[in-house]
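Here is how names work: the chains are called A, B, and so on, in the same order as the sequence lines, proteins then strands, and each is numbered from 1.
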Protein chains: 2
Amino acid sequence: MTSTPPHLQTLLDAGLRLTSPRTEIARVLFGDGQARHVTADWIAAALDKGGKHIALGTIYNTLRHFLDLGLVREVHGTRTGATIFDTNTHPHHHIYDETTGQLTDISAVDVSLADQIDLPEGKTVSGYDVVIRVR
Amino acid sequence: MTSTPPHLQTLLDAGLRLTSPRTEIARVLFGDGQARHVTADWIAAALDKGGKHIALGTIYNTLRHFLDLGLVREVHGTRTGATIFDTNTHPHHHIYDETTGQLTDISAVDVSLADQIDLPEGKTVSGYDVVIRVR
DNA sequence: CTCCGTGCAAATAGTTTGCAACCAA
DNA sequence: TTGGTTGCAAACTATTTGCACGGAG
């Protein structure tokens, strides 16, 4: 019994059609349940390797949809040119190796913010990113 | 008595010539002792406004020099296209308003990291960035 | 005098967008 | 049928680089 995987169900719930590029990209990203840090180029290469070419433009558009739906997150703070997308959507942060470019997850509980941070009035915290740089 | 400003002295100490683009850019950045978040374009515009046009390429090259010398820092974590340079080199972090794009400094003491973070072996922490996103 | 540094334009890199053909529902 | 999607290429933005001229030391 092959039931619809949760990430594909999310697409359906959002009213998005279940098209071939979307399912293929989703398979590469979530297929084995393993969290990944990927770039658009990496996805394109992975698909090409499997004989399933998808236009880079479409990959970017699809990633943006996935971002909106919360299926992936962007990682900031690295000095690599391309945007890195993280398939781990649980609260967590990153260690960035400036020498190798290697990006490693760290648990959110290893980081704490003082509770007396002055926010601009009327604003609420929507999240925070921590990047620990090592070399 | 007009003694050499510290940031210009830093250039000299590093063996860099005190050229007109460098002093002009330094003046715009540090002239009034006020910390700034700027982009290369902002600097170009500010210089043009003062009738001192400097080529964008030269501004980028100069900013890279300033980065190496620790006169400015890059700010990561925002979703604005251009790289933001921060003239505040003291340890601190940022609040990023996703609605307005406004970037605000917060003191480093308002942030604390757990001391049990597992680093890759042989690596040392060279710094860390915290960006609190608000809306 | 000697190079380092500059201006400018061309080259790159990453990402977005316009549009005709397509296809999931 | 029909409007959301795709592919492709062109457009764009941000940044880097190559090269001949120019100015600081």
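Between the B/Arg22 side chain and the B/Thr62 main chain, no donor and acceptor come within less than 3.5 Å of each other. Although no hydrogens or angles enter the test, the distance criterion places a donor-acceptor pair under 3.5 Å between the side chain of B/Arg73 and the main chain of B/His90.
Scanning all heavy atoms of the two residues, the minimum distance from A/Ile54 to A/Pro21 falls at CD1-CA, 3.5 Å. When all heavy atoms of B/Phe85 and B/Leu67 are compared, the closest pair comes out as CE2-CD1, 3.9 Å. Of all non-hydrogen atoms in A/Val28 and A/Ala46, the two that sit nearest each other are CG1-CB, 4.0 Å. The two residues A/His76 and A/Val131 make their nearest non-hydrogen contact at O-CG2, 3.3 Å.
Phosphate contact (OP1/OP2 of C/dC23, side-chain N/O of A/Thr19, threshold under 4.0 Å): absent. Between C/dT6 and B/His53, no contact under 4.0 Å exists linking OP1 or OP2 to a side-chain N or O.
One can place CZ of B/Arg22 at 12 Å from C1' of D/dG23, the figure rounded to the nearest angstrom. Following rounding to the nearest Å, B/Phe66 (CZ) and C/dG5 (P) show an atom-to-atom distance of 12 Å. If you take CG of B/Leu8 and P of D/dA24, they are 14 Å apart, rounded to a whole angstrom. When the P atom of C/dC8 is taken as reference, atom CG of B/Asp48 falls 11 Å away, rounded to whole Å. Summarising the geometry, the separation between CG on A/Leu16 and P on D/dG4 is reported as 11 Å, rounded to the nearest angstrom. Between the P atom of D/dG7 and the CD atom of A/Glu24 lies a distance of 11 Å, rounded to the nearest Å. B/Leu63 places its CG atom 15 Å from the P atom of C/dG5, with the value rounded to the nearest Å. The CG-P distance, from B/Leu11 to C/dT6, rounds to 10 Å in whole Å.
A donor-acceptor contact under 3.5 Å is formed by the side chain of A/Arg17 with the base of D/dG4.
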Protein-nucleic acid N or O pairs under 3.5 Å, nucleotides 14-17 of chain C:
unit_1	atom_1	unit_2	atom_2	d
C/dT15	OP1	A/Thr83	N	2.7
C/dT15	OP1	A/Thr83	OG1	2.3
C/dT15	OP2	A/Tyr60	OH	2.2
C/dT15	O5'	A/Tyr60	OH	3.4

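A/Leu119 is not listed as a side-chain neighbour of A/Thr124, based on a closest heavy-atom distance of 4.5 Å or more.
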